[in-house]
Amino acid sequence: MSIQHLIRPTIKTLKPYSSARDEYKGVKGDLIFLDANENPFNNGINRYPDPQQSELKSVLSELKSVPIENILLGNGSDEVLDLLIRMFCEPTKDNVVILPPTYGMYEVLANVNAVEILKVNLSAKHFQPQTETILKAANANSKILFLCSPNNPTGNNFDTSTIEKLINSFKGIVVIDEAYIDFSNEKSWLTRLQEFPNLVVTQTLSKAYGMAGIRLGMCFASVEIIATLNKIKAPYNINELTQQKAIELLGNHSLVKYQISCLIEEKDALVKVLGDVDYVENIYPSDANFILIKVDDANKRYQQLIDSGIVIRNRTTQPLCENCLRLTIGTKAENKRLIERLQTL
Ligand SMILES: *Cc1c(COP(=O)(O)O)cnc(C)c1O
């Protein structure tokens, strides 16, 4: 399967903007840069950042075991998702397929780009993709299928065989959003990128890695897809401070691993306690750092928690999520306060 026919014609013929710094980044020695109208007085950030983020990408390449040519970085994975829509979807003509209840940005980004959205709800029972319905709903203009696994807000993984079926049968690009993969027992799809030319995997430093503030998202795909995304992206989309901080913090991977195991332990403890709260009607299995629960009256419980200074996410208006609340796992002390409060509502 070649993906060339899926790319928007405008994008295919696009010549990328060549930034001043692109052409000389490999050159060693004492170069004097008088090409980009920067202020020459050094304060650490007076120069434009590396447009290809070479140093950061080599760190990520090692960490993820994915070659640099298969990686694109974005200002959060939200930018990556936006670039993907702009690469494949012709405004007012093409569509994307999403599986509610799911991450809200797919719909927002499609709307911003005037791209139609086809919705096929997850199964009511286990929040799994309904393969046959999805494939039937898709048409010749369906360019992207967004799969969020582990899914936000439900917290579950999609079955491997279901995802595999969709990648093999959907006639467009399948994006697997792995924002929560580091909390999951399932393996990342990164190891299978080579097998599927239409597979794109996105991850982020915003959740498990503890760097939501620097905005760094990752896109992993074929060389062909990454090269085209590179043509579309803004030349300096990842700022210097972000690149520096990411390199610094990624150096301490054992800390992140430790924090993940703490959060999973805390999650298991929270699930146990929630089981004994009388107005909690269901606790959905979670492979992420949050739990979705069904309560007697989501609006009421949400407000009660707000009144005690605890902010959670009310998901009751989402399809299949009537009276559901989403709780992020916090620190031990934060979870203790949450539990104390939940038990006395
Ligand atoms: C939080 C989240 C993201 C994160 O996006 P960033 O822009 O990288 O912070 C992406 N996808 C899902 C499903 C999320 O929940």
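Counting starts at 1 for both ligands and their atoms, in listed order.
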Would you verify whether the NZ or CZ of Arg301 falls within 45 degrees of the ring axis of Tyr279 while also being under 6.0 Å from that six-membered ring's centre? yes

Could you tell me which atoms of ligand 1, counted from 1 in the order shown, lie closer than 4.0 angstrom to a heavy atom of [X]?
X	value
Thr204	6 (P), 8 (O), 9 (O)
Lys207	1 (C), 2 (C), 3 (C), 4 (C), 14 (C), 15 (O)
Tyr180	1 (C), 14 (C), 15 (O)
Cys148	13 (C)
Gly76	6 (P), 7 (O), 8 (O)
Ser206	6 (P), 8 (O), 9 (O)

Would you say the side chains of Asp35 and Tyr48 form a donor-acceptor pair under 3.5 Å? no

Distance from atom 12 (C) of ligand 1 to nearest protein heavy atom, with residue and atom: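 In this structure, atom 12 (C) of ligand 1 has Asp177 OD2, 3.4 Å as its nearest protein heavy atom.
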
For atom 7 (O) of ligand 1, the protein heavy atom that lies nearest, with its residue and separation: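 Atom 7 (O) of ligand 1 sits closest to the protein heavy atom Arg215 NH2, 2.6 Å.
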
Where's the contact between Asn152 and ligand 1, heavy-atom distance under 4.0 Å: side chain, backbone, both or neither?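 It is the side chain that gets close, since no backbone atom is under 4.0 Å.
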
Region of Met105 that comes within reach of ligand 1 [heavy atoms, distance under 4.0 Å]: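 Neither part.
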
Any chance OH of Tyr236 has more than 12 other-residue heavy atoms, nucleotides or ligands included, within less than 6.0 Å?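 More than 12 within 6.0 Å, yes.
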
Would you find more than 12 non-hydrogen atoms of other residues, nucleotides or ligands less than 6.0 Å from Asn39 atom CG? yes

What do the steps show when you test Leu118 against Ile98 for side chain to side chain contact (heavy atoms under 4.5 Å, CB included), and what is the final call? CA-CA 6 Å; Leu118 304 182; Ile98 68 170; over 6 Å; no

Ion pair Glu340/Lys336, N-O distance below 4.0 Å: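 Salt bridge flag = yes for Lys336 with Glu340.
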
Basic-acidic side-chain contact under 4.0 Å: Arg315, Glu322: no

Output all residues satisfying side chain to side chain contact (heavy atoms under 4.5 Å, CB included) with Val223, sequence neighbours left out; order by chain, then residue number. Glu69, Asn70

Is there a nitrogen or oxygen of Ser77 sitting under 3.5 Å from a nitrogen or oxygen of ligand 1?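 For ligand 1, there is an N or O atom that lies under 3.5 Å from one belonging to Ser77.
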
